[in-house]
Structure formats: C-alpha cells, structure tokens
A.B. asks: 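To start, I am sharing the structure in question, which I have written as structure tokens.
Chain naming here is simple, since letters A, B, ... match the order of the sequence lines and numbering starts at 1 in each.
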Protein chains: 4
Amino acid sequence: MNMAKFTDAQKEARRREILDAALRCFSRNGFHNTTTADIVREAGVSQGTFYLYFKTKDDVIAALADDESQSDALINAMAAAESDPVAGLTVLFNRHGQTLANPQHADEHRVAIQGWAEALRDEAIRKRVVANTLRVEQEIARLIARGQESGRFRADAEPQGIARALVALFRGLTLQSTWEGAFDSKLTAKTIEDMVRGTLLPVANATKTREK
Amino acid sequence: MNMAKFTDAQKEARRREILDAALRCFSRNGFHNTTTADIVREAGVSQGTFYLYFKTKDDVIAALADDESQSDALINAMAAAESDPVAGLTVLFNRHGQTLANPQHADEHRVAIQGWAEALRDEAIRKRVVANTLRVEQEIARLIARGQESGRFRADAEPQGIARALVALFRGLTLQSTWEGAFDSKLTAKTIEDMVRGTLLPVANATKTREK
Amino acid sequence: MNMAKFTDAQKEARRREILDAALRCFSRNGFHNTTTADIVREAGVSQGTFYLYFKTKDDVIAALADDESQSDALINAMAAAESDPVAGLTVLFNRHGQTLANPQHADEHRVAIQGWAEALRDEAIRKRVVANTLRVEQEIARLIARGQESGRFRADAEPQGIARALVALFRGLTLQSTWEGAFDSKLTAKTIEDMVRGTLLPVANATKTREK
Amino acid sequence: MNMAKFTDAQKEARRREILDAALRCFSRNGFHNTTTADIVREAGVSQGTFYLYFKTKDDVIAALADDESQSDALINAMAAAESDPVAGLTVLFNRHGQTLANPQHADEHRVAIQGWAEALRDEAIRKRVVANTLRVEQEIARLIARGQESGRFRADAEPQGIARALVALFRGLTLQSTWEGAFDSKLTAKTIEDMVRGTLLPVANATKTREK
DNA sequence: TATGAATGAGACTTCATTCAT
DNA sequence: AATGAATGAAGTCTCATTCAT
C-alpha cells in the first residue's frame, strides 16, 4: 500500500474546509441545531470523511474556540507592537469596533457567543476561554502599565482591574451588536474612549480633551 | 358547575416549580443537554404534566428569559426610586456586583448566558432579550440625565452611550464571574466606579475623589 | 344522596350531543387523528363527562356505526313499504342518490367510509357492518323477489346476487362522490336504472323503455 | 471517487422489502395501529434505516397507494390489449374476480380499503386515488366505445357512466369480499355479466344469451 | 353528575457514530 | 484516504384514561 498519500498541508487544508463549513452552520443554527450531516453537506464531504478529521462533533467546537483565541491574539499582538501605549489602546479599540461592525466577522462572533455558553458545561472549552481571557487581560494590563511608566497614564489606576473591565465591555458589546442588526459604533467608540480617558489620563489631559 | 378546581394561584405555583426545576437543570447541563425527562424528574411531576404548563421545551427557555427580565427590572426600579441619581447608580452597581458574587444567583446567571446564545437563533427569545436590554439602558440613561440636570454629572456626557456601555460591561462581567469560581468583586467595583466617575463627574469632583 | 338526577331522556340527549360532535370531528380529521380532547371541545363538555357516557373512544366509533345502520334501515323501510316493487327500487335509488349529492350527509358518508376501514381490524365493528349489509341485501332481494312473483321482473334473475351487486355499487359510488367534490348524479342514476332495467325487466319491456 | 456503494437496484430492493413489510403490518393492524417499530421488526431493519428510505410513516402509505395504482394499471393494460372489446371486458372481470377470491391479494385489498379512508384526510393520497380511478374509468369507457363502434354494444349506452358504475361496483365488492371470509365469486361474476350484458348488448343478443 | 388536572406508556423521528467496501 | 448505508439509543411530545374534588 502507498502510505501518506496526502501531505500534511493537504490534510490541514481539508480540515480547514470542514472547520469553515462548521463555522457557517453553527452561526446559522447554533451548535446544537447543527448536525454533522449539515456540516458535511456544507463542506462537500462525506460523513465518513468528517470522522477522519475530527474525533467527535464536540471536537469541532473546541477547535473553533481555539481559532477565536488566535484571532484575538492577533489583534493583541498588533496592539502590543505599537511603541506608544496610548496608540496601542487606540488600535485595540478600533480593531475591535471594526470587527463588531463588519458583517464579515459576524459568523465568528455568533459562534463565539455560543462558545461562551458552551464553556459553562464543557470543561475543556471553559479552560480555553478563560485562558484566552486572561491572556488578553495581561496584554492590555501591560499596555496600561507601560503607559503609567511613561507617565502618560495616571499612576493610581489599576491596570489589572481596568483591563478586566475592558475585556468585559468588549464582550458585552459583541452581544449587543450581534443581536441587533445595526450598531452605532461611533457613539460606542466615543463612550469607550471617554471612559478610558477619564480613568487613565491625568486630570489635566482629561480636561483638555474635553475642552477640544 | 364551573367550580375552578385549582385557583390560578395554585396553577401559577405549579408552573413556578417546574420553571425552577428547569432552571436548576439548565444551569447544570445547559439547555440542550437537559431533557424534558430531567426537568420533570427534578420537578417531581410527570411528563404529561410538564406539557400541561408549557407548550414545548423552548417555551421554558423563553419563560426563563422573561423571569430574568423581571429581576433586572426590579433592580432598576429600586435604583430609579432613589432621589439622588449618584446614589441610584451606586445602588445599581452594588446590587449587580452582589448578585455576581452571590452563589445563590449562580444558576440564574448561567442560564442567562445560555439565553444569550439562544437569542441568536430564536427570534422570540432575541426580541425579549433586546427589549430587556433597551429597557435597562433607558433606566440608566434616565438616571444619568437626571444627574446632569441637577448639575452633578458633566453636561457633555452621552447618557445613551454610557448606559449602553454599562450594560455591556455588566454582561461581560457576568461571563467572567460565572466561568471563574472566584471573582474579585471589590477590584471590579472600584474600577467601574472609577470609570463612571471619570466619565460622569466634573473634573473638580473627579480630582477630589481621586485625592481622597 | 339523590339518585337519578337526570332522566334517561336527558342523558340520551347528552349522549347524542357528544356523538354528533364526534361525527363532525371524525369527518374532519378521521378517527385516528381525532383526540378525545377534540371531541369534548366540540361537544362543550369536560373530559370526565365524556367517560360518563362512553367507555372508550372506540365505543364512539361503534355507536356511530350503529347510527349508520339505522339511517340505512330507514331508507329500506320506506322502500319496502311501497306496494309496487319497481317503485320501491326507484325510491331506493333516488334516496341514495340524493344523500350522495346532499352535502348535509357528507359527514355521515365520510365517517361511514372510515368505518369500513375500521371494520377490518375491529371485530365488533365488522360484525355490525356485515350484519347491516346482509340486512340491506335481504330487503332488496325481497323487493326483487316480489317483483318476480308479480311477473314484472324476469324470473331468471338472481335476487340475491343482484341485491349484493347493488349494495356494492352504492358503496363504490359513495366513495367516488365523497372524494370528488362534484358528482354527476344524473348520469349515474341513469346508468344504474339502465343496468337494473336490462337485468330485471323482461326483454319486451326493456326494449320499450329504450325506445322511449 | 464517487463509487456508488449500492446500485439503485439494490436500494430499490431494500425499499421494496420495507414496503412489503409495511403492507403486511398495515393489513394486520391498520395504518394507525401499526408502529414504525412494527414495520422495521417485520422488515428486519433498524429504525434508522426505515427513515433512510421514507421521509415519514405517511410516506409509506402514499407509496403503497401508488403500488395499488400500478397493479390496477397492469390489469387494464391486459384488458385493453385484447382486440375484442367483449373479450376485453371479460378479462377485466375475471381478473378482478380472481384477485377478490385470491387470498394472496388479501393484504393488498385490506390496505387499499384503508387507503380509501386515508384519502379523505390526506390530499396527496386523495389525488392519487382519484387520478387512478379516472384512469381506470377511461380504460373501461374506451373498451365500451370500441365495442359500440364495432356494433357489438348498444349505441345508446353511455360508456362514461357505465365505466364509472363498474369501477364503483368493483370497489364495493372488494369491501364485501374482504370483510367476509368467503365470497361467492361465481354468483357475483354471473350477476355482473348479466348486468353488463343487459346494459350493453343489443336486445337480440341479450335475449339469446338469456336463452342459453 | 360533572370537572379537569394528572398520568405515563409509547409514538415518531433524529443523529452522532461506525464500518464494510 | 474516502464513502455513505446502517445503526439504535435517546429525545420530544401526545393522548386515552383516571380520580380526587
């Protein structure tokens, strides 16, 4: 017999196809109202093939949860790369605001929300989600700390608490923007900026900003 | 003739029992991993009885979504009742922070999160959740507006945007506190207060507070 | 305790109401797609009351099968009452043709057909239907025999066989007229008359008739 | 790639097995007292397999209704093939009489009767049954018309009406022969022949026949 | 006599997963 | 590596019937 007919890259590509198909299905109908039959139909493969790439249906959910982490991580990386922490935060906010308003990411958001619910009952998923949350929080806290070190952020702010609040805020906004078709991203962005400014910037700066 | 065998109150009580049982089950295993058999076992009634009080299993989910609305409404009512809008907001934050930390409300939060996911695919649930969101936002926005009228909040704040952000923030915190066993409510409460203060209070006040 | 609060007549009236309600329901949805809940709703009584008047749901079906017999019997009685057997048969045909075309009897026909199917699996119903069939056949055979005795029908006709064929014919026409909205009763009546004439009347008569 | 694991013929055979099993079950207990579990047990397949070949239980009923049509059509085809219309009718009568008396066809007749009842509430079935009825009527009417053209049948007979009456007659006889174990097919056949003769054959012929 | 809430067996159907080809 | 027919456990919901009031 000939072994390893397919390269790893080919196999990975196949896996991705199935994963993308699953994402679309899950977004449309939710995890539990999506059958493996739906997924394979959407992916254009057979039932048997599905099980060559995933051990169970829950496996797919977990794999998608990882994906989500990766995209978040990407955003963070970009933000952290900025040398100016204020600009870094701005990049972070804008990026996130854009994905909220961008219909192209709608599927991912819809599936992410379902993942949050799933995390309640699936230990593996929960661990991934929590770990991801902590990681993002650390990134943001570090940005804030750098801003404090450089004297541009108030020294008495709590990087940890603020970071956590910001992640929570983003998650909540994801919910709202996904439920409602329209989403006033400008108003929201302004509010967040105000909040962050009021909390992080020294009074003098804050005042100046307001007076603009 | 028409001697009502059971009063409406009795029937409502029965319904509540089933609803509470369902809440416990859903909290434990999630909507979709809870069978009607689980619910009736927990409630101590027969399968048939369940369908005497609910048309379908999804009906229970919707009913629970309503419940959630009611409890939120209660909180708001109390907050709005305060003559001092600043105190009103404080009541609101404390209340919410307490329920987050209170294990007694854990079931409700766990089910609420699942409801958010469910809202993505069930129009009826989505409408309820969105309507509830708007209602809460209005309440908070009104509190803020009253604070602005009395000159205690900055006039240039956007009540609507801030209210929306606060609701989002609360939702996100609900996620985090439910996933992680422990939740540093003190740090979180302080952060939120800071955020709100920095955003709402006039600079002079904000500064004073900070200096305390 | 006071016994016999209701007279038999009152009880019978109540029973009839339920029976009529059941007939309407069965006609609409068939025996098996009609629930006892449907029947009591249509009759305006409670579930419990239903079981005061009927032992089981099948009981209702049997009772309706009897009803059918009675109405058929009525028709026969009238036909038999005619002193002239030819006129008697004519009455019989016309009566039957009229009920086929009459929408008022539609429910009864629809339920009768279901009874035929039910007779296949329910011994009690089958016995009733067969007994009824035989009785009607006897009546018709007797009419024919009387016609033969008076010399108006051909002596070599087989009353038994013809009677049986006529009953079969009527049943088949019931099917067709019930399935199809419209029913050309005139053409059918003429055909039956021709058939009977050709079979029963002496050649001379038959010819004369034709020549008219 | 797309190596058809099973040929269409194999799949059709499997479908037939289930269909035949269903026929036996329906014949025994009726549509509504036959469970899908009964059918799959009789067919020797699993529940899941059943739903691989039929969308619902009602689907099976419809499929059987079609089968019935086909067998009837077969009979007609044979009758129509006869060059002599009188002989054609005879073939038709004999065929039908034989299946009535033949216990091998008992199941089909029992199920056919149930289909008649089912046609009252299921539009799809009704359409099939009515269409089938019309088709058979047309065939018979054509036979009669051919007989008239060749001068062997009376010119004043109404092919349409007679055909319709004959179909009705056959249906009614199916009922009777199915309810009662025994069925005097000889007497019945003779009666039908007499009826048809009396109606269709010219007087001279009719008389001659009688005198035989 | 009348009510209608309660019951629970059982019906239909779905679906994740397997395995022979 | 790929297929897709087969499986059967399990889920949701219905409904004839009972019984305490």
A.B. asks: Taking only N and O in the side chain of C:R14, is any of them less than 4.0 Å away from OP1 or OP2 of E:dA2?
C.D. replies: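 Looking at the OP1 and OP2 atoms of E:dA2, one of them is under 4.0 Å from a side-chain N or O of C:R14.
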A.B. asks: What is the distance from CD1 of B:I18 to C1' of E:dA5, rounded to the nearest Å?
C.D. replies: 12 Å
A.B. asks: Assess the side chains of C:H32 and C:E118: does a donor N or O sit below 3.5 Å from an acceptor N or O?
C.D. replies: yes
A.B. asks: Ignoring hydrogens and angles, state whether a donor on the side chain of D:D59 or D:T56 is under 3.5 Å from an acceptor on the partner side chain.
C.D. replies: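 Their side chains do not contain a donor-acceptor pair, so the 3.5 Å distance test is not met.
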A.B. asks: Of the listed nucleotides (F:dT7, E:dA6, E:dA2), which one gets closest to any side-chain atom of D:S46?
C.D. replies: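 It is F:dT7.
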A.B. asks: Nearest 0.5 Å, please: how far is CG in A:D20 from CG in A:L64?
C.D. replies: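 It is 8.5 Å, given to the nearest 0.5 Å.
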A.B. asks: Side-chain contact test, heavy atoms from C-beta onward, threshold under 4.5 Å: evaluate it for D:L19 versus D:F54 and give yes or no.
C.D. replies: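 Yes, side chains in contact.
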A.B. asks: Rounding to a whole Å, what distance do you find between A:F54:CZ and E:dT18:C1'?
C.D. replies: 18 Å
A.B. asks: Encode nucleotides 10-17 of chain E as B, S and - characters from 5' to 3', where the letter depends on protein heavy atoms closer than 4.0 Å: B to the base, S only to sugar-phosphate, - to neither.
C.D. replies: -SSBBBBB
A.B. asks: How close or far is atom P of E:dA2 from atom CZ of C:R15, stated in whole angstroms?
C.D. replies: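 The distance from CZ of C:R15 to P of E:dA2 comes to 14 Å, rounded to the nearest Å.
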A.B. asks: Would you say A:Y53 reaches F:dA1's phosphate, i.e. side-chain N/O to OP1/OP2 under 4.0 Å?
C.D. replies: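 For F:dA1, neither OP1 nor OP2 has a side-chain N or O of A:Y53 closer than 4.0 Å.
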A.B. asks: For DNA chain E, what string of dots and brackets results from 5' to 3' when Watson-Crick and G-U pairs need both distances under 3.5 Å, crossing pairs get [ ], and pairs with another strand get |?
C.D. replies: .||||||||||||||||||||
A.B. asks: Applying side chain to side chain donor-acceptor pair (under 3.5 Å), name anything that partners B:R28, two or more places apart in sequence or on another chain.
C.D. replies: B:E42
A.B. asks: Using modelled atom types and a 3.5 Å cut-off, is there a donor and acceptor pairing between side-chain atoms of C:K11 and backbone atoms of C:Y53?
C.D. replies: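 Not a single qualifying donor-acceptor pair exists.
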A.B. asks: Measure the spacing between CD1 of A:I18 and OG1 of A:T36 and express it to the nearest 0.5 Å.
C.D. replies: 11.0 Å
A.B. asks: Would you call B:R24 and B:D107 a salt bridge, taking side-chain N to carboxylate O under 4.0 Å as the test?
C.D. replies: no
A.B. asks: What's the CZ-C1' distance between B:R41 and E:dT7, to the nearest Å?
C.D. replies: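 Rounded to the whole Å, the gap is 17 Å.
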